[in-house]
Visitor: 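Okay, handing you the structure first.
The analysis underlying the following values was restricted to heavy atoms, covering all of them including side chains, and did not include hydrogens, waters or symmetry mates.
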Amino acid sequence: MRPAEAASPSSNVASDVEAVGRIDAVKTVLRVLTQTTGLRLAVVARVTPESWTCCAVLDEMNFGLRVGDTLVVATTFCNTVMNLGRPLLVNKASEDPRLKDHPAPKMYGIESYVAVPLYRRTGEFFGVMCALDANPASVSEDKLEVFRHLGDLVGHQLEQQETLSERDTQLLGAREAALLREQLMGIVSHDLRNPLNAISLAAATLMRRTDLDDRARRGLRRILDSSDRANRLILDLLDFTHVRTGMVLPVKPKPVDLHELTQQVVDEVQLTAQGRTLDLVCEGDARGSWDPDRIAQVLTNLITNAVQYSPADSHIRVEARGEPREVVLGVTNAGAVIPESRMPSLFEPMTRGTTDGSERRSVGLGLFIVNQIARAHGGHVDVVSTEESGTTFRVHLPRG
């Protein structure tokens, strides 16, 4: 159902919508929000005292919202965020004493909502970044800190876009690009990872208690698994930023046996993919010089993709095959065939081979990172996908 529209946005607001649309990172940030919270609709909105205008949207619940759509601001929770000037978390609006009489739940069927205000560098209020859903949620307060830092990132990049418009160019100078890279990496590597590490440490500490029942242990295990996934997302974002700013992914080669490394990764993934069958095949001599952490990242991305996009009762084949001049790592799953039309862009960022597995969608950087790591080692990745044999990704790694 498409939301009711108000008047068309003013020229100033329309230029703000265009500015947000030029920020490549917004799509990734919105994907991180839905992945972190489990909410299915994420939006960046320009908010004024009179109107609410959609600047960017990731809609996984078919709400019907599109870029440029406008609403009467008083009918949205964003009005509350604008007045509060601080983040807002609502897990069940119909029972929240602050908002149970607010028009948003009745008009738009919204129950859960997380938002942070967005500001320009001058301190001027711009709008909100929010994630919402028609279903109640159980988002914890600590997620607001993650939201706040991502909001700072979007606000900073908005300022960069406005500066670029004034200069009538779409390119940052070398000095500005370096500054943006350092700020982005600083936010992701420090401000986002620290709260996640604190969550993981607290959950792991509680898991060691002997007086927990099975229900509590299952809950803590879900927290740890979610933190691990979020940390992997952050690592992918760091690598993505590294490559997009013109740098090659750093690798630190050293002697390693890829048979042993592959066995270790399979064992680690198996712990979080209980009930799935991972068949490991090791052949030939798999010794050489590679960065073991990077190769483990490659295998983890490929195997978790295979788990996500294949039937729960199917086997996943993992192989490490030593050949005279290279070692080939392969992962095969019995999921949906990747259409030929998607093959040319398969290793581009924000791209997926199929639409299956939408209940656990990722940011869409996994295969991009796999390809970049292979290239950093002087290797390459190929893929074959057929109804008869399933989908196989092979990473070719020269021995170095």
Visitor: Please check this pair: side chain of Gln270 against backbone of Ala273, looking for a donor-acceptor N/O pair closer than 3.5 Å.
Guide: yes

Visitor: Which atom pair, heavy atoms only, marks the closest approach of Thr391 to Ile338?
Guide: CG2-CD1, 3.7 Å

Visitor: State, with a plain yes or no, whether a side-chain heavy atom of Lys27 is found less than 4.5 Å away from one of Arg31.
Guide: no

Visitor: Report yes or no: do Val384 and Met343 belong to one cluster of Ile/Leu/Val/Met/Phe/Trp/Tyr joined by side chain heavy-atom distances under 4.5 Å?
Guide: no

Visitor: Report the distance from atom CG of Leu84 to atom CE of Met82, rounding to the nearest 0.5 Å.
Guide: 10.5 Å

Visitor: State whether the number of non-hydrogen atoms from other residues, nucleotides or ligands found under 6.0 Å of Arg321 atom CZ is greater than 12.
Guide: yes

Visitor: Determine whether Leu258 and Leu397 make a side-chain contact, defined as any pair of heavy atoms from C-beta on separated by less than 4.5 Å.
Guide: yes

Visitor: How far apart are the C-alpha atoms of Thr53 and Val47, what are their side-chain angles, what is the distance that settles it, and do they pass the side chain to side chain contact (heavy atoms under 4.5 Å, CB included) test?
Guide: CA-CA 6 Å; Thr53 306; Val47 181; over 6 Å; no

Visitor: For Arg294 and Pro250, indicate whether the former's side chain and the latter's backbone hold a donor-acceptor pair under 3.5 Å.
Guide: yes

Visitor: In this structure, would Val318 and Val256 fall into the same cluster of hydrophobic residues linked by side-chain contacts under 4.5 Å?
Guide: yes

Visitor: Might you confirm whether atom CG of Asn83 has over 12 heavy atoms from other residues, nucleotides or ligands at distances under 6.0 Å?
Guide: yes

Visitor: Between Ala56 and Val20, which heavy-atom pair has the shortest distance, and what is it?
Guide: CB-CG1, 4.0 Å

Visitor: With the side chain counted from C-beta on, respond yes when Met107 and Leu71 share a heavy-atom pair under 4.5 Å apart, and no when they do not.
Guide: no

Visitor: For residues Asn301 and Gly366, report the shortest heavy-atom separation together with the two atoms involved.
Guide: ND2-O, 3.5 Å

Visitor: Does a side-chain heavy-atom distance below 4.5 Å link Asn91 with Pro136?
Guide: no

Visitor: Could you please spell out the steps behind the side-chain hydrogen bond (donor to acceptor under 3.5 Å, both in side chains) verdict for Thr75 and Tyr108?
Guide: CA-CA 9 Å; Thr75 67; Tyr108 308 122; 2.8 Å; yes

Visitor: How long is the span from the CG atom in Leu278 to the CZ atom in Arg317, to the nearest 0.5 Å?
Guide: 13.0 Å

Visitor: Rounded to the nearest 0.5 Å, how far does CG of Asp133 lie from CD1 of Ile110?
Guide: 7.0 Å

Visitor: Find the distance between CD (Gln372) and CG (Leu249) and round it off to the nearest 0.5 Å.
Guide: 6.0 Å

Visitor: Are the side chains of Asp291 and Gln297 in contact, using a 4.5 Å heavy-atom criterion?
Guide: no

Visitor: Start with the C-alpha gap between Ser51 and Val73, add the side-chain angles, then the distance that decides, and say whether side chain to side chain contact (heavy atoms under 4.5 Å, CB included) holds.
Guide: CA-CA 5 Å; Ser51 68; Val73 69; 5.6 Å; no

Visitor: Any non-hydrogen side-chain atom of Trp52 less than 4.5 Å from a side-chain atom of Val43?
Guide: yes

Visitor: Just do the side chain to side chain contact (heavy atoms under 4.5 Å, CB included) check on Arg209 and Leu206 with the steps written out, would you?
Guide: CA-CA 6 Å; Arg209 292 181 54 169; Leu206 288 172; 3.9 Å; yes

Visitor: Quick one: closest heavy-atom pair of Pro292 and Lys254, and the distance?
Guide: CG-CE, 3.4 Å

Visitor: Could you walk me through whether Tyr119 and Phe125 pass the ring-ring contact (aromatic ring centres under 6.0 Å, His included) check?
Guide: CA-CA 5 Å; Tyr119 296 95; Phe125 179 82; 5.7 Å; yes

Visitor: Output yes when a side-chain donor or acceptor of Arg325 lies under 3.5 Å from a complementary backbone atom of Arg399, and no otherwise.
Guide: no

Visitor: Run the numbers on Arg276 and Ser310 for side-chain hydrogen bond (donor to acceptor under 3.5 Å, both in side chains), then give the verdict.
Guide: CA-CA 10 Å; Arg276 298 304 304 269; Ser310 63; 2.7 Å; yes

Visitor: How long is the straight-line distance from OG1 of Thr332 back to NE2 of His315, given to the nearest 0.5 Å?
Guide: 13.5 Å

Visitor: Go through it in stages, so that I can follow the logic: the residues are Glu348 and Arg342, the test is salt bridge (Lys or Arg N to Asp or Glu O under 4.0 Å), and I'd like the CA-CA distance, side-chain angles, deciding distance and then a yes or no.
Guide: CA-CA 10 Å; Glu348 293 298 315; Arg342 298 198 181 192; over 6 Å; no

Visitor: Return the minimal non-hydrogen interatomic distance between Ala42 and Thr34, and the atom names on each side.
Guide: CB-CG2, 3.8 Å

Visitor: Between Val331 and Val383, is there a shared hydrophobic cluster once you connect ILVMFWY residues whose side-chain heavy atoms come closer than 4.5 Å?
Guide: yes

Visitor: Check the pair Asp213 / Arg215 against salt bridge (Lys or Arg N to Asp or Glu O under 4.0 Å), numbers first and verdict last.
Guide: CA-CA 6 Å; Asp213 57 25; Arg215 180 179 179 183; over 6 Å; no

Visitor: Mind checking the CG-CD1 spacing from Leu329 to Ile295? Nearest 0.5 Å is all I need.
Guide: 6.5 Å

Visitor: If I compare all heavy atoms of Ala131 with all of Leu39, which pair ends up nearest, and what's the gap?
Guide: O-CD1, 3.3 Å

Visitor: Any side-chain heavy-atom pair from Val395 and Asp382 closer than 4.5 angstrom?
Guide: no

Visitor: Do Leu346 and Phe393 come close enough that some side-chain heavy atom pair is under 4.5 Å?
Guide: yes

Visitor: Are Phe347 and Phe368 close enough that their ring centres sit under 6.0 Å apart?
Guide: no

Visitor: Using modelled atom types only, decide if a donor and an acceptor are shared between the side chain of His102 and the backbone of Ala104 within a distance under 3.5 Å.
Guide: yes

Visitor: Output, in order, the C-alpha distance, side-chain angles, deciding distance and verdict of side chain to side chain contact (heavy atoms under 4.5 Å, CB included) for Val44 and Met129.
Guide: CA-CA 4 Å; Val44 172; Met129 182 173 65; 4.1 Å; yes

Visitor: For the CZ atom on Arg86, are there more than 12 heavy atoms of other groups (residues, nucleotides or ligands in this structure) within a distance under 6.0 Å?
Guide: no

Visitor: Looking at Ala134, is its backbone amide N or carbonyl O close enough to the side chain of Glu111 to form a donor-acceptor pair, meaning the two atoms are under 3.5 Å apart?
Guide: no

Visitor: Would you say Val328 and Leu261 are hydrophobically clustered, going by side-chain heavy atoms of ILVMFWY under 4.5 Å?
Guide: no

Visitor: Is there a donor-acceptor pair under 3.5 Å between the side chain of His259 and the backbone N or O of Glu283?
Guide: yes

Visitor: I'd like to know if Val128 and Val67 are part of one continuous hydrophobic network [Ile/Leu/Val/Met/Phe/Trp/Tyr, side-chain heavy atoms within less than 4.5 Å].
Guide: yes

Visitor: Can you check side-chain hydrogen bond (donor to acceptor under 3.5 Å, both in side chains) on Asp267 and Gln263, steps first, answer last?
Guide: CA-CA 6 Å; Asp267 290 344; Gln263 180 68 67; 3.0 Å; yes

